[in-house]
Amino acid sequence: MQQTRTTLLVILAILLAGILAACSQSTVRLGWVGTSSPGHVEASYAKFTGTETRTVLAQAGRTLYLEYKAEVDAGDLCLEVKDPFGKTIWYATLCEDCAETKALPVDEDGCYTIFVEGEDAEGSFDLVWEQR
């Protein structure tokens with residue numbers, strides 16, 4: 001009886017782990033070397049598939065400045081900024097060797113989300129943001 005109960009619990013645990021793994025988002029980071037501090041994230045990698053997310057508490061009437069540099073040797077790398085309601089206010093696909101400073105007006109108070117998304121990307125990025 002005890003052995004049957006233990007076997008049943010093990011099977012349930014394996015099934016639960018499989019279900020949870022199927023629901024999770026897949027992230028691959030090979031050779032990832034990165035640093036992060038308030039208002040700054042940078043990384044270099046041999047392969048990056050997934051999303052890096054940062055939030056910024058911003059005030060209406062101000063401007064959110066993003067300054068980025070990226071090297072994309074393979075795959076795709078994108079930047080996206082969403083307002084507090086989840087609406088995309090800016091999106092860019094980053095090229096082989098690019099750098100830009102982007103000024104985004106802040107229309108609503110709240111948390112703005114910055115996404116760095118990679119799909120089989122090889123290279124690096126350096127992203128700085130501030131509100132003025």
Side-chain angles (χ1 to χ4, degrees):
M1 178 79 172
Q2 180 65 23
Q3 185 178 13
T4 304
R5 182 183 229 176
T6 302
T7 303
L8 183 59
L9 287 174
V10 169
I11 291 170
L12 286 174
I14 291 170
L15 287 172
L16 180 60
I19 291 168
L20 291 175
C23 294
S24 67
Q25 183 179 16
S26 177
T27 299
V28 175
R29 290 187 177 139
L30 298 175
W32 180 277
V33 177
T35 60
S36 180
S37 60
H40 182 229
V41 62
E42 67 178 311
S44 61
Y45 38 84
K47 184 172 184 177
F48 169 45
T49 296
T51 305
E52 278 290 302
T53 306
R54 299 295 186 274
T55 57
V56 180
L57 185 58
Q59 296 175 325
R62 301 189 74 184
T63 302
L64 180 61
Y65 290 90
L66 298 177
E67 180 179 344
Y68 65 88
K69 295 177 212 155
E71 291 183 18
V72 182
D73 300 326
D76 296 311
L77 189 67
C78 303
L79 285 176
E80 182 176 18
V81 179
K82 292 187 178 187
D83 70 10
F85 307 103
K87 179 183 169 194
T88 299
I89 61 170
W90 181 73
Y91 181 89
T93 300
L94 306 185
C95 55
E96 290 177 13
D97 187 17
C98 57
E100 183 179 11
T101 299
K102 188 71 181 168
L104 303 171
V106 176
D107 295 330
E108 299 283 339
D109 288 340
C111 286
Y112 286 70
T113 308
I114 302 168
F115 298 90
V116 180
E117 301 169 336
E119 182 65 39
D120 292 326
E122 295 176 18
S124 64
F125 67 85
D126 187 351
L127 175 63
V128 177
W129 60 93
E130 69 176 337
Q131 178 184 192
R132 293 186 237 157

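Since we're looking at a predicted model, the values are computed, not measured.
Note on Val41 and Val56: same hydrophobic cluster, where clusters join Ile, Leu, Val, Met, Phe, Trp and Tyr whose side-chain heavy atoms are under 4.5 Å apart, directly or indirectly. Using a 4.5 Å cut-off between side-chain heavy atoms of Ile, Leu, Val, Met, Phe, Trp and Tyr, with links allowed through other members, Leu94 and Leu104 fall into the same hydrophobic cluster. Val106 and Ile89 fall within the same hydrophobic cluster, defined by Ile, Leu, Val, Met, Phe, Trp and Tyr side-chain heavy atoms under 4.5 Å apart, directly or through other members. Under a hydrophobic-cluster definition in which Ile, Leu, Val, Met, Phe, Trp and Tyr are linked whenever side-chain heavy atoms come within less than 4.5 Å, directly or via other members, Trp32 and Val72 are assigned to the same cluster. Placement of Leu127 and Val33 in two distinct hydrophobic clusters is found when ILVMFWY residues are connected by side-chain heavy-atom separations under 4.5 Å, directly or transitively.
Two residues are said to be in side-chain contact when any heavy atoms from C-beta on lie closer than 4.5 Å; Thr63 and Arg132 fail this criterion. By the 4.5 Å heavy-atom criterion applied to side chains, Ser36 and Glu52 are not counted as neighbours. The shortest distance between side-chain heavy atoms of Leu66 and Leu79 does not fall below 4.5 Å. Counting heavy atoms from C-beta outward, Val128 and Asp126 have side chains that approach closer than 4.5 Å.
Using modelled atom types, one side-chain atom of Gln131 and one backbone atom of Leu57 make a donor-acceptor pair closer than 3.5 Å. Looking only at distances, a side-chain donor or acceptor of Thr49 sits under 3.5 Å from a matching main-chain atom of Asp120.
Taking every heavy atom of both residues into account, Phe125 and Leu77 meet most closely at CB-CD2, 4.1 Å. Closest non-hydrogen pair, Ala60 versus Asp109, comes out as N-OD1, 2.6 Å. In this structure, Ala121 and Gly118 approach most closely via the heavy-atom pair CB-CA, 4.3 Å.
Lys102 forms no cation-pi arrangement with Tyr68, by the criterion of a distance under 6.0 Å to the ring centre and an angle within 45° of the ring axis. Because its NZ or CZ atom is not both nearer than 6.0 Å to the ring centre of Tyr45 and within 45° of the ring axis, Arg29 does not count as a cation-pi partner of that residue.
Atom NZ of Lys82 sits about 9.5 Å away from atom OG1 of Thr53, to the nearest 0.5 Å. Distance check: Asp83 CG to Cys111 SG gives 11.5 Å after rounding to the nearest 0.5 Å. Here the OG1-NZ distance, from Thr101 to Lys69, works out to 9.0 Å after rounding to the nearest 0.5 Å. With values rounded to the nearest 0.5 angstrom, Thr35 atom OG1 is found 5.5 Å from His40 atom NE2. Annotation: the span from Thr51 atom OG1 to Glu119 atom CD amounts to 9.5 Å, rounded to 0.5 Å. For the atom pair CD (Glu80) and CH2 (Trp90), the distance works out to 10.0 Å, reported to the nearest 0.5 Å.
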